[in-house]
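Scroll down for the structure; my scribbles are underneath it.
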Amino acid sequence: QDKEKLEIRKLNDPPSPETVKDMIKYARNVIEEFRRAKHYKYILCLTLTPLTCELLEICELSLDKMGVVFEDSNVYMLHMMYQAMGVCLYVQDWEGALCYGQKIIRPYSRHYPSYSLNVASMWLKLGRLYMALKNRTAGVKALKR
């Protein structure tokens with residue numbers, strides 16, 4: 001499934017192999033930068049807002065940049081969406097978390113086996129988010145999945 005997991009956007013003028021290679025390098029670096037920033041936040045026990053907003057900004061900016069080359073189903077995109085969802089959950093931005101979760105679930109369902117913990121965990125999160133946002137029908141459906 002490597003080709004599907006590293007899917008490149010279908011463009012009239014496809015990116016060069018060098019551009020793809022550079023974007024993969026960028027993606028790996030930004031993931032590491034995010035991990036360091038997240039770790040730094042926990043060590044310093046800083047206030048919620050400034051650094052958490054910075055973490056979400058890292059995710060959003062990197063998603064914008066990577067999205068020029070990578071499809072949303074690309075593992076690097078999915079990783080950053082998952083991190084952004086986590087930040088939204090941390091700051092109790094239920095709508096933002098739901099938005100990211102909805103983008104993640106379909107590719108997760110393709111990349112992972114039917115009864116994967118990753119897929120099940122995402123359906124559980126989506127179900128709880130729908131319920132918190134008073135969308136009982138969607139919540140029950142997601143929880144049943």
Side-chain angles (χ1 to χ4, degrees), residues 1-11 13-133 135 138-139 141-145:
Q1 289 182 328
D2 285 349
K3 187 174 180 166
E4 187 177 313
K5 288 181 179 180
L6 295 173
E7 196 168 356
I8 306 301
R9 286 215 177 273
K10 312 275 188 283
L11 304 168
D13 186 21
S16 69
E18 187 65 30
T19 300
V20 173
K21 182 181 166 192
D22 289 345
M23 192 55 67
I24 290 171
K25 186 176 179 180
Y26 167 80
R28 288 179 177 162
N29 287 337
V30 80
I31 287 168
E32 187 55 39
E33 178 186 333
F34 183 86
R35 285 185 182 139
R36 278 195 304 272
K38 199 162 83 169
H39 180 72
Y40 185 68
K41 173 186 174 283
Y42 292 130
I43 288 174
L44 292 180
C45 297
L46 293 174
T47 59
L48 176 74
T49 310
L51 198 52
T52 304
C53 290
E54 183 179 314
L55 291 174
L56 189 56
E57 189 175 340
I58 289 171
C59 293
E60 290 172 347
L61 291 173
S62 65
L63 285 167
D64 287 344
K65 183 170 181 168
M66 290 187 295
V68 173
V69 175
F70 297 149
E71 286 290 345
D72 283 351
S73 61
N74 184 292
V75 291
Y76 295 113
M77 293 288 286
L78 288 171
H79 181 82
M80 290 313 295
M81 283 188 252
Y82 187 82
Q83 296 303 322
M85 182 182 183
V87 173
C88 289
L89 288 170
Y90 186 77
V91 297
Q92 299 179 359
D93 173 8
W94 310 134
E95 291 89 1
L98 180 63
C99 183
Y100 283 113
Q102 290 169 329
K103 290 179 183 179
I104 293 169
I105 192 61
R106 187 170 290 129
Y108 263 35
S109 298
R110 284 196 324 260
H111 292 329
Y112 294 110
S114 299
Y115 296 101
S116 163
L117 269 171
N118 293 316
V119 176
S121 172
M122 187 55 62
W123 279 119
L124 176 62
K125 287 176 185 174
L126 286 172
R128 293 183 68 199
L129 285 165
Y130 282 124
M131 296 299 248
L133 293 169
N135 187 344
K141 184 177 177 182
L143 292 169
K144 284 182 179 180
R145 297 283 309 262

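Computed from heavy atoms alone, side chains included, the values below leave out hydrogens, waters and symmetry copies. Keep in mind that this is a model prediction, so the values were computed, not measured.
In this structure, the separation between OG on Ser62 and CG on Asn29 is 11.5 Å, given to the nearest 0.5 Å. To the nearest 0.5 angstrom, Gln102 atom CD is 9.0 Å from Met85 atom CE. Here the CE atom belonging to Met66 is positioned 10.5 Å from the CG atom belonging to Leu61, to the nearest 0.5 angstrom. For the atom pair CG (Leu56) and CG (Asp93), the distance works out to 7.5 Å, reported to the nearest 0.5 Å. Rounding to the nearest 0.5 angstrom, the gap separating the CH2 atom in Trp94 from the CZ atom in Arg128 is 8.5 Å. In this structure, CG in Leu78 is found 7.5 Å from CG in Asp72, a value given to the nearest 0.5 Å.
The heavy-atom pair separating Val119 from Ile105 by the smallest distance is O-CD1, 4.1 Å. Across all non-hydrogen atoms, the minimal contact from Lys10 to Glu71 is N-OE2, 3.5 Å. Between Gly139 and Met131, the shortest heavy-atom distance links the atoms CA-SD, 3.9 Å. For the pair Cys88 and Ala97, the tightest heavy-atom approach, listed with the atom from each and the gap, is CB-N, 3.5 Å. When all heavy atoms are compared, the tightest approach of Pro15 to Val69 is CG-CG1, 4.1 Å. Heavy atoms only, all atoms of each residue included: Ala27 and Phe70 are closest at CB-CE1, 4.3 Å.
Within the 4.5 Å cutoff, no side-chain heavy atoms of Lys103 are placed close to those of Tyr108. Between Arg28 and Tyr76, some side-chain heavy-atom pair lies under the 4.5 Å cut-off. Counting heavy atoms from C-beta outward, Leu129 and Leu89 have side chains that approach closer than 4.5 Å. Within the 4.5 Å cutoff, no side-chain heavy atoms of Glu57 are placed close to those of Leu55. Here the side chains of Pro14 and Ile8 are not in contact, with every heavy-atom distance at 4.5 Å or above. Looking only at side-chain heavy atoms (C-beta outward), Met23 and Tyr26 come within less than 4.5 Å of each other. Annotation: side chain of Glu60 is not in contact with side chain of Met80 (no heavy-atom distance under 4.5 Å). Side-chain contact between Met122 and Tyr82: present, with at least one pair of heavy atoms (C-beta onward) separated by less than 4.5 Å.
No side-chain donor-acceptor contact under 3.5 Å links Ser116 to the backbone of Tyr112. Judged purely by atom type and a 3.5 angstrom limit, His111 uses its side chain to pair as donor or acceptor with the backbone of Ser73. Ser121 contributes no side-chain N or O that, together with a main-chain N or O of Asn118, makes up a donor-acceptor pair within less than 3.5 Å. Asn74 places a side-chain N or O within donor-acceptor distance of the main-chain N or O of Glu7, the cut-off being under 3.5 Å.
At most 12 non-hydrogen atoms from other residues, nucleotides or ligands lie less than 6.0 angstrom from CG of Leu117. The local environment of CZ in Arg9 is crowded, with over 12 non-hydrogen atoms from other residues, nucleotides or ligands closer than 6.0 Å. Lys25 NZ: 12 or fewer foreign heavy atoms inside a 6.0 Å radius.
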Could you go through Trp123 and Leu143, starting from their C-alpha distance and side-chain angles, then the distance that decides it, and tell me whether this counts as side chain to side chain contact (heavy atoms under 4.5 Å, CB included)?
CA-CA 6 Å; Trp123 279 119; Leu143 292 169; over 6 Å; no
Decide yes or no on side chain to side chain contact (heavy atoms under 4.5 Å, CB included) for Glu18 and Val20, but give the supporting numbers first.
CA-CA 5 Å; Glu18 187 65 30; Val20 173; over 6 Å; no
